Amino acid sequence: MLQQTTVEAVKPYFLGFIHKWPTILDLAAASQDDVMRAWAGLGYYSRARNLKKCADIVAENFDGHFPADLAQLKSLPGIGDYTAAAIASIAFDMPVAVVDGNVERVITRLYALSTPLPAAKPDIRRLMQALTPDKRSGDFAQAMMDLGATICTPRRPACVICPLNDNCEALKTTDPEFFPVKAPKKRKPVRMGAAFVAISGNGEVYLRGRAQTGLLGGMTEVPTTEWTSRADGETGIDAAPFEAEWTSSGAITHIFTHFELRLTIYKAQNVQKLASNDGWWISVENLDNEALPTVMKKAIAAAIPDAFEKRRKEA
DNA sequence: TAGACGTGGAA
DNA sequence: TTTCCAAGTCT
């Protein structure tokens, strides 16, 4: 869950998962759809698909226990270099180098590595491995990550109180904020489309499932047009899932990692529920139980302003 | 190896 | 408002 995601964002999801599925065997026994519903809103949905796959494999092939072996850990879905090392180090006390974004920042500053990421990764791993102690390597890994999260921060690092400030090459010779060096980012393209919120006479909304792979894979959606780069004023009503009295109901913008999406929202009320469609109808009150990604909740909220209760963050 | 892959918070 | 970024992984 913590891959590319802040602790604050993860907290309620982690607690929910642990409550629902306390063990890996419980997760293996869960349905894929239940897992996607519980993950909805957290983003990077391949993580949820991989987590479930991983639980299935650990239950089936490893007797419900993670292997204490770096290569075997890495072979599991969703477990890459960082997570494999974190499990080996923290769970099994193996002296392997744990390298996440925090460690990359601390190490590149400590040694003033000017090679841009990701090319610098092998050097960073080697240097981190050399620093990693044979005992309590997991504590060391977490200490380095916490140092990066709280003191050796991306901007305005607190070098004055840093326990490594006597040894930091970047602080000694230049400015720690210059590190890590990264390749320049590309501009985000804009894609446009339309979304259709159909409401039946008894207040149910029409939803359908997305493909299991790709963007928002395995999640739920309201029908939409293709998301293209067209910039004309075309309504896209021809792409509506069925004929109805579609009326314009505003627009939303949603920023994904690699593009910006602008959706025109269309709404139709008193829609007849036809058996010929491949989706399903769900009451507005039960929308919270669906695997709706945030962009789809925004689309629905544009057509039905009170569709989702305003949620307060945990204190 | 570079692009795909979500979301929300902070500066 | 815009940009960056957060306990990365997969193809």
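Computed from heavy atoms alone, side chains included, the values below leave out hydrogens, waters and symmetry copies. Throughout, protein chains are lettered first and strands after them, A, B, ... in sequence-line order, and every chain is numbered starting at 1. Values in this document were obtained by computation on a predicted structure and should not be read as measured data.
In this structure, the nucleotide among C/dC10, B/dA4, C/dA7 sitting nearest to the side chain of A/Tyr82 is C/dA7. With distances taken from any side-chain atom of A/Gln4 to the nucleotides C/dA6, B/dA11, C/dT9, the minimum falls on C/dA6. Out of B/dA11, C/dA6, B/dT7, the shortest distance to the side chain of A/Arg155 is found at B/dA11. The nucleotide whose nearest atom lies closest to any side-chain atom of A/Phe256 is, among C/dC5, B/dT7, C/dA7, B/dT7. For A/Met145, the listed nucleotide lying nearest its side chain is C/dA7; candidates were C/dA6, B/dT7, C/dA7. For A/Asp146, the listed nucleotide lying nearest its side chain is C/dA7; candidates were C/dA7, C/dG8, B/dA2.
Residue A/Thr257 is in base contact, counting any heavy-atom pair closer than 4.0 Å across all strands shown. Within the 4.0 angstrom heavy-atom criterion, only backbone atoms of the sugar-phosphate kind lie near A/Ile79; the bases stay farther away. When heavy atoms are screened at a 4.0 angstrom cut-off, A/Ile255 is found touching base atoms of the nucleic acid. Within the nucleic acid shown, A/Pro293 comes within 4.0 Å of sugar-phosphate atoms alone, with no base atom in reach, counting heavy atoms only. Contact annotation for A/Gly41: backbone-only contact, meaning every heavy-atom pair under 4.0 Å involves sugar-phosphate atoms and none involves a base. Residue-level contact check: A/Arg187 touches neither bases nor backbone, having no heavy atom under 4.0 Å from any strand.
Within 6.0 Å of the CD atom in A/Glu177, the count of heavy atoms belonging to other residues, nucleotides or ligands exceeds 12. Shown here is A/Asn289, whose CG atom has more than 12 heavy atoms of other residues, nucleotides or ligands within 6.0 Å. Within a 6.0 Å radius of CZ in A/Arg208, other residues, nucleotides and ligands contribute more than 12 heavy atoms.
Separating the P atom of B/dC5 from that of C/dA6 is a span of 22 Å, rounded to the nearest Å. Using C1' as the reference atom, C/dC5 and B/dG6 are 13 Å apart when rounded to the nearest Å. For the C1' atoms, the distance linking C/dA7 with B/dA2 amounts to 23 Å, nearest Å.
The side chain of A/Ser46 places no N or O atom within less than 4.0 Å of a non-bridging phosphate oxygen (OP1 or OP2) of C/dC10. Dashed line: the shortest gap from a side-chain N or O of A/Thr83 to OP1 or OP2 of C/dT9 is under 4.0 Å.
Each of A/Thr6 and A/Gly214 lies near DNA chain B, and the nucleotide nearest A/Gly214 is the one positioned closer to the 5' end. Between A/Lys74 and A/Gly148, the residue anchored closer to the 5' end of DNA chain C is A/Gly148, taking for each the nucleotide with the nearest heavy atom.
For the pair A/Leu76 CG and C/dC10 P, the computed distance is 10 Å after rounding to whole Å. If you measure from atom CG of A/Asn50 to atom C1' of C/dC10, you get 8 Å, rounded to the nearest angstrom. The CG-C1' distance, from A/Leu2 to C/dA7, rounds to 5 Å in whole Å. The CD atom of A/Glu8 sits 13 Å away from the C1' atom of B/dA10 (whole-angstrom rounding).
Between A/Asp34 atom CG and A/Lys52 atom NZ the span is 9.5 Å, to the nearest 0.5 Å. Atom CZ of A/Phe179 is separated from atom CG of A/Leu110 by 11.0 Å, given to the nearest 0.5 angstrom.
One donor-acceptor pair, N or O on each side, does fall under 3.5 Å between the base of B/dG6 and the side chain of A/Thr5.
In this model, a donor atom of one side chain and an acceptor atom of the other lie less than 3.5 Å apart for A/Asn202 and A/Ser200.
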